[in-house]
Amino acid sequence: MEVTTGDRVLHERECRVRDYYASELAQHRPGELLIARENSYDGTAVRGDMRTIDRSNVTRLWEFKISASYEALGQILVYVAMARRAEEAAGNDCLIRGVIAAFNFQPELRYTVERMNLSIELVALPPALAHAGGVPTFEEPTSLPVIPGQSGLLASTGAEPSQQETP
């Protein structure tokens, strides 16, 4: 599949968010340890964004998205299936779960995960992590006050400053 420039930028943002989350994993997920980033499986081209393990020996495969849709659901289902196949081939019997981490989730995604009993965790990323990936925030911009008698300052209207000639 060819990756367009827009997709590449989005993927880079998701990777930066993942890396920042991974660096602070102990704060976000106490008792969970990072095993790998960009976790791949022999014989496949697929790779999960992150792999962790908790105190109960539950392995989690993570997919990071800025905004999660049904595409993320398809990805995490494939990653979990490939991980389970690899563990079975190695003779390991461990519990593997999928996690989709995002700033927001398509409502149908939440409904589908719950309704279909998919045992996939949906983790809402803290808004502060958006800055790690250069993700635009959705907050209203702060307007600057207009100060009377102060020519040359920009007002909240975004108007250009007036040019005055120096005597």
Side-chain angles (χ1 to χ4, degrees), residues 1-140:
M1 178 172 95
E2 185 176 322
V3 178
T4 65
T5 303
D7 291 341
R8 185 172 291 119
V9 169
L10 183 60
H11 178 70
E12 289 171 5
R13 287 179 175 170
E14 291 166 349
C15 287
R16 286 194 302 266
V17 169
R18 178 215 47 214
D19 290 345
Y20 189 57
Y21 190 88
S23 73
E24 296 187 340
L25 185 62
Q27 292 176 340
H28 300 294
R29 307 278 290 205
E32 201 159 337
L33 299 173
L34 178 67
I35 297 172
R37 292 183 210 156
E38 296 291 327
N39 190 76
S40 60
Y41 302 97
D42 291 335
T44 71
V46 300
R47 62 179 186 262
D49 286 338
M50 189 169 80
R51 185 178 178 117
T52 61
I53 191 163
D54 70 12
R55 291 180 182 143
S56 301
N57 209 28
V58 175
T59 299
R60 287 182 177 78
L61 296 176
W62 293 69
E63 179 62 23
F64 283 81
K65 294 293 184 190
I66 303 302
S67 181
S69 68
Y70 59 87
E71 182 180 302
L73 181 58
Q75 285 179 279
I76 201 64
L77 288 172
V78 170
Y79 300 160
V80 169
M82 296 299 103
R84 288 179 180 171
R85 181 174 73 180
E87 293 298 326
E88 287 170 4
N92 297 332
D93 185 29
C94 63
L95 184 58
I96 300 174
R97 292 214 170 118
V99 179
I100 301 172
F103 294 104
N104 55 62
F105 297 87
Q106 183 181 41
E108 295 84 358
L109 174 66
R110 286 187 179 281
Y111 175 79
T112 301
V113 167
E114 182 182 323
R115 182 70 172 168
M116 302 301 293
N117 299 315
L118 295 177
S119 292
I120 293 172
E121 290 179 55
L122 301 180
V123 174
L125 295 171
L129 286 179
H131 301 295
V135 180
T137 58
F138 302 101
E139 296 178 19
E140 293 293 319

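The analysis underlying the following values was restricted to heavy atoms, covering all of them including side chains, and did not include hydrogens, waters or symmetry mates.
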Looking at [atom1] of [X] and [atom2] of [Y], how far apart are the two atoms once the value is rounded to the nearest 0.5 Å?
X: C15; Y: M50; atom1: SG; atom2: CE; answer: 12.0 Å
X: I66; Y: L129; atom1: CD1; atom2: CG; answer: 10.0 Å
X: L61; Y: L77; atom1: CG; atom2: CG; answer: 11.5 Å
X: L34; Y: R51; atom1: CG; atom2: CZ; answer: 11.5 Å
X: I76; Y: D49; atom1: CD1; atom2: CG; answer: 8.0 Å
X: E63; Y: I120; atom1: CD; atom2: CD1; answer: 11.0 Å

For a 4.5 angstrom cut-off between non-hydrogen side-chain atoms, does [X] reach [Y]?
X: V123; Y: Y21; result: yes
X: L73; Y: L118; result: yes
X: R18; Y: W62; result: no
X: F64; Y: L125; result: yes
X: E87; Y: I96; result: yes

Considering only distance and modelled atom types, tabulate donor-acceptor pairs under 3.5 Å from the side chains of residues 105-114, sequence neighbours left out.
from	atom 1	to	atom 2	distance (Å)
Q106	OE1	Y70	N	3.2
T112	OG1	E108	O	2.7

Looking at every non-hydrogen atom in both residues, tell me the closest pair between [X] and [Y] and how far apart they are.
X: A68; Y: I100; result: CB-CG2, 3.8 Å
X: R37; Y: D19; result: CD-OD1, 3.2 Å
X: T59; Y: C94; result: OG1-SG, 4.4 Å

> Of all residues at least two apart in sequence or in a different chain, which pass the side-chain hydrogen bond (donor to acceptor under 3.5 Å, both in side chains) check with R60?
Replying inline: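 R60 satisfies side-chain hydrogen bond (donor to acceptor under 3.5 Å, both in side chains) with D54, E121 once adjacent residues are dropped.
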>> Among residues at least two apart in sequence or on other chains, which ones pass salt bridge (charged side-chain N to carboxylate O under 4.0 Å, His left out) with R97?
In response: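 R97 satisfies salt bridge (charged side-chain N to carboxylate O under 4.0 Å, His left out) with no other residue.
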